[in-house]
Amino acid sequence: MFAYRTFYGRQAVAAAVFPDGAVVTASRDQTTRLWAPNSEDNSFMEAHVMTGHSNFISSVCLLPPSDDYPHGLVVTGSNDHNIHMYSLESPEPVYKLTGHKNTVCSLAAGKFGTLLSGSWDKTARVWLKDRCMMTLSGHEAAVWAVAIMPEHGIMLTGSADKTIKMWRTGRCEQTFTGHEDCVRSLAVVSNVEFLSASNDGSIRRWLTTGECTQVYYGHTNYVYSLAMLPNGQDFVTSGEDRTVRVWKGGECIQTITLQAQSVWSVACLSNGDIAVGASDNVTRVFTCAPERYASPEEIKEFEEQVASSTIPAKAASDMDGININELPGKEDLQNPGKKEGQTKLVRSGMTVEAYQWSMAQQEWTKIGDVVGSDEGSGGTGEKVWYEGKEYDHVFTVDLDDGRPKLKLPYNLSDDPWLAAHNFLEKNELSQLYLDQVAKFILENTKGMTVGPAPDTQQYADPFTGANRYVPGSAAPADVPQQGQGSTLGSDPFTGGGRYIPSYAARDMQDNPPPQVPPPSNPYFPRVTPLLFEQANPEAILGKIKEFNSQVPAEMQLDETGLDQINQLLAVTTNQQQAAPTAMQMDTLWKIVQWPKDVVFPALDILRLALRHPDVNQHFCNSKDGPQFLQHLRTFLSPDSPPANQMLALRAVCNMFAQPVGKGLAISQHASILATTLDCSASANKNVRIAMATILLNYAAVIQDPEDIEGKSQCLSAVATLLDREQVNEACFRLLVALGSLMVGDDNAIALARSLELVPVVARKRGITEAPKVGECARFVHQLLEG
């Protein structure tokens with residue numbers, strides 16, 4: 001069982017990489033501190049202080065050691081909207097990350113320097129060193145929790161919108177629902193499992209496939225934080241009910257009560273000890289190792305502090321569920337408890353005392369005295385109804401700017417900062433007022449917190465000291481107020497001698513980059529797009545005529561329309577030296593609307609025509625391009641016929657033939673990559689080659705090292721496909737894409753490493769049936785290994 005060790009100040013905690021057993025704490029005093037263990041007396045010494053934030057720090061994590069930073073980096077997120085990264089050699093940050101538009105309330109470290117951050121601005125961001133690689137948007141409220149799964153760049157976000165989302169390649173792949181309130185913390189169990197904690201008082205275990213496999217109950221209020229214990233299955237949690245709880249085999253086996261009301265954060269240290277940050281500005285460490293126990297005097301002092309704590313009557317009633325006016329005497333403590341952490345209220349003379357049951361010690365331990373009345377708000381003995389709910393207080397807020405007065409509801413058991421955040425967000429007020437509003441709540445709730453009851457405060461405005469709440473009156477003037485060659489198979493849909501929808505692409509080795517110095521290897525970097533150009537116009541036109549009689553009358557072409565298609569095919573396959581006409585292109589668009597079972601020859605004509613500058617301009621211009629792409633996406637759904645999938649993907653590839661189409665592809669890269677991956681379950685060889693070619697073309701055109709987000713999404717898509725790719729030509733093109741993205745770009749190499757691509761590429765070196773695949777993989781692997 002965990003026993004008390006010693007304690008030092010602050011609220012957010014993380015386990016330090018160096019020295020062993022050290023703790024990093026962060027606080028509302030805008031500092032971050034490293035505490036090193038002192039083996040002589042089992043205490044902790046302040047070893048390093050880090051500064052630089054302009055507002056309180058709300059999150060902290062540790063990046064693992066690297067060649068540049070052998071002791072790792074301390075990362076902090078703040079209410080000033082920024083993220084700082086610190087080494088242990090300087091109090092000033094080595095990196096300052098900007099981009100979030102509100103408080104950075106959650107951080108998670110990945111491999112090779114990857115960082116994931118969550119914010120009240122409803123987004124999460126992926127960082128590498130000081131660069132934002134991608135932004136994850138989709139939640140409807142603040143992102144309170146983030147985590148990085150150990151496999152291929154899968155990321156998790158938990159939000160105040162009560163959901164958890166799983167992301168890959170910047171795209172949400174799964175949304176998990178089940179929690180009934182804000183999701184506050186996430187912890188990774190394995191490649192396929194994770195845990196979540198919520199304000200609904202529960203902890204849930206999930207599979208990445210979407211199933212919730214277990215729900216754990218024990219906390220009687222918000223659960224703020226959870227951390228995995230060293231065995232990788234058991235875990236520890238903390239919350240608003242003053243407790244830290246240790247869970248093993250699905251059961252709470254130990255409950256540790258603190259004298260602080262809010263236990264904000266919990267972390268497991270490298271030696272298995274638990275560090276806990278709480279609202280009384282103290283960090284406490286608990287250990288299972290007797291040699292690290294605190295002195296008997298310190299343990300006694302801690303127990304006395306807990307026993308002498310005062311507990312609001314409302315909170316006491318909530319945790320025991322009985323009327324405190326009908327309590328038994330202390331003799332009832334002779335009866336054993338039924339479960340770990342069970343609470344009991346008893347009378348002791350004129351005092352009501354709270355006790356907690358320890359299964360390990362088989363005894364009741366006093367955790368405080370109950371004070372005050374459980375009956376109401378503000379001393380009136382009555383609850384206040386607001387918007388269909390009961391509250392202890394509903395404050396009237398007057399902005400003094402001609403707007404209606406606002407209401408600020410609050411229960412004594414609520415987190416003041418969360419209540420303040422919700423109030424500001426609901427009323428579209430600047431979150432810069434968060435600390436002031438929270439302090440206003442604390443000053444005007446008659447000190448209903450654990451500890452000695454403070455003197456009654458006059459109802460005071462947190463900005464002016466007057467008796468009205470006027471946010472605008474004290475805001476700074478600059479604060480905004482509102483708001484081997486390809487040997488491709490035969491056609492799987494038609495037999496030989498009939499129309500085959502162009503299953504051969506120009507071999508990459510037959511298309512060397514023009515006017516480019518010879519590369520260090522014959523495969524990458526590739527700087528020109530790869531196109532699908534082979535065609536049999538007569539067979540295509542014959543299939544158009546056949547299907548024309550089968551489609552609904554309003555979709556059929558007359559002889560003039562058929563002639564327009566014939567001429568367009570002749571022009572775009574270089575059989576005629578003329579320009580495509582508007583009528584020809586409009587006729588093409590008409591047949592691209594044909595039913596999905598007969599549309600594939602029309603898609604084949606579109607694929608060929610897009611190579612021509614006039615057709616490319618007609619369909620891919622800034623006005624019509626998005627609608628054109630949206631129609632192409634309809635052919636890429638998982639249930640779409642493979643012929644349609646293949647030809648639509650090839651059409652996207654051929655968009656890259658001209659500057660206009662290339663520009664559209666670049667501007668829409670996020671949605672195109674996501675839609676391309678919708679076909680990733682296809683076993684059709686030609687579909688897989690077309691998918692790989694899209695990624696290859698993006699790698700060819702995204703050459704700017706500053707386009708971090710574009711490169712990162714393309715790298716993530718390559719990682720998604722490459723590991724399980726069985727088609728050698730597709731595998732080869734993915735390897736060329738990967739090499740092209742990384743050449744000369746250390747950030748791209750680091751991101752590829754973080755996506756676990758080193759072992760994937762290493763395995764591809766063993767492919768011998770297609771020699772160019774294994775050889776290209778060796779070049780890529782050399783680049784990754786540095």
Side-chain angles (χ1 to χ4, degrees), residues 2-4 7 11 201 218-224 237-246 252 254-264 266 276-284 286 298-335 337 339-361 363-375 392 411-416 442 445-455:
F2 287 89
Y4 180 63
F7 59 90
Q11 294 177 4
H219 284 280
T220 60
N221 211 318
Y222 300 161
V223 187
Y224 290 135
T237 57
S238 67
E240 183 67 13
D241 58 1
R242 305 174 57 201
T243 70
V244 177
R245 297 177 187 251
V246 182
C252 178
Q254 186 177 5
T255 302
I256 305 169
T257 299
L258 306 185
Q259 57 266 50
Q261 178 64 51
S262 304
V263 190
W264 295 113
V266 62
V276 180
S279 58
D280 58 356
N281 298 324
V282 173
T283 295
R284 298 167 175 86
F286 298 87
E298 288 178 299
I299 294 175
K300 182 180 179 181
E301 181 183 5
F302 168 73
E303 292 172 345
E304 290 175 347
Q305 287 174 345
V306 173
S308 63
S309 300
T310 57
I311 307 170
K314 174 64 167 62
S317 294
D318 283 347
M319 69 184 181
D320 205 20
I322 62 174
N323 187 332
I324 66 173
N325 295 314
E326 301 176 357
L327 295 175
K330 297 185 70 172
E331 64 276 3
D332 194 52
L333 298 175
Q334 300 300 316
N335 300 317
K339 64 178 181 178
E340 172 66 31
Q342 177 185 345
T343 57
K344 181 188 292 288
L345 304 180
V346 299
R347 285 192 183 276
S348 178
M350 300 300 294
T351 303
V352 176
E353 298 178 347
Y355 287 79
Q356 182 174 274
W357 178 252
S358 168
M359 292 294 289
Q361 299 175 1
E363 67 179 19
W364 293 98
T365 302
K366 185 181 177 184
I367 59 172
D369 295 324
V370 179
V371 298
S373 168
D374 67 335
E375 294 188 14
D392 294 320
N411 278 319
L412 296 175
S413 60
D414 288 346
D415 173 2
L442 292 171
T445 51
K446 292 186 178 292
M448 295 297 287
T449 57
V450 174
D455 294 336

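- Listed by chain and residue number, E240 satisfy the side-chain hydrogen bond (donor to acceptor under 3.5 Å, both in side chains) test with S262 (two or more places apart in sequence, or in another chain).
- Looking at every heavy atom in both residues, L333 comes nearest to W364 through O-CD1, 3.1 Å.
- Here R242 contributes atom CZ and N221 contributes atom CG; the two are 12.0 Å apart, rounded to the nearest 0.5 Å.
- Between Q261 atom CD and S309 atom OG the span is 10.0 Å, to the nearest 0.5 Å.
- For T257, the side-chain hydrogen bond (donor to acceptor under 3.5 Å, both in side chains) partners two or more places apart in sequence, or in a different chain, are Q356.
- Contacts of K330 classified as salt bridge (Lys or Arg N to Asp or Glu O under 4.0 Å), with partners at least two apart in sequence or in another chain: E353.
- For the pair I367 and V306, the minimum side-chain heavy-atom distance is below 4.5 Å.
- From S279, atom OG reaches atom CD of Q259 across 10.0 Å, with rounding to the nearest 0.5 Å.
- Using a 4.5 Å cut-off on side-chain heavy atoms (C-beta onward), Y355 and E363 make no contact.
- Exactly one of V282, D280, T243, V263 qualifies for a side chain to side chain contact (heavy atoms under 4.5 Å, CB included) with L258. That residue is V263.
- A pairwise comparison of heavy atoms in A278 and R284 identifies CB-NH1, 4.1 Å as the closest pair.
- Atom CZ of R245 is separated from atom OG1 of T237 by 7.0 Å, given to the nearest 0.5 angstrom.
- The side-chain contact (heavy atoms from CB on, under 4.5 Å) test applied to Q334 returns no partner, not counting sequence neighbours.
- Across every non-hydrogen atom of T283 and G277, the tightest pair is OG1-CA, 4.1 Å.
- If you take OG1 on T365 and CH2 on W357, they are separated by 9.0 Å, rounding to the nearest 0.5 Å.
- Applying the side-chain hydrogen bond (donor to acceptor under 3.5 Å, both in side chains) rule to N335 yields the partners D332; only residues at least two apart in sequence or on another chain are considered.
- Under the ring-ring contact (aromatic ring centres under 6.0 Å, His included) criterion, Y224 pairs with W264, not counting sequence neighbours.
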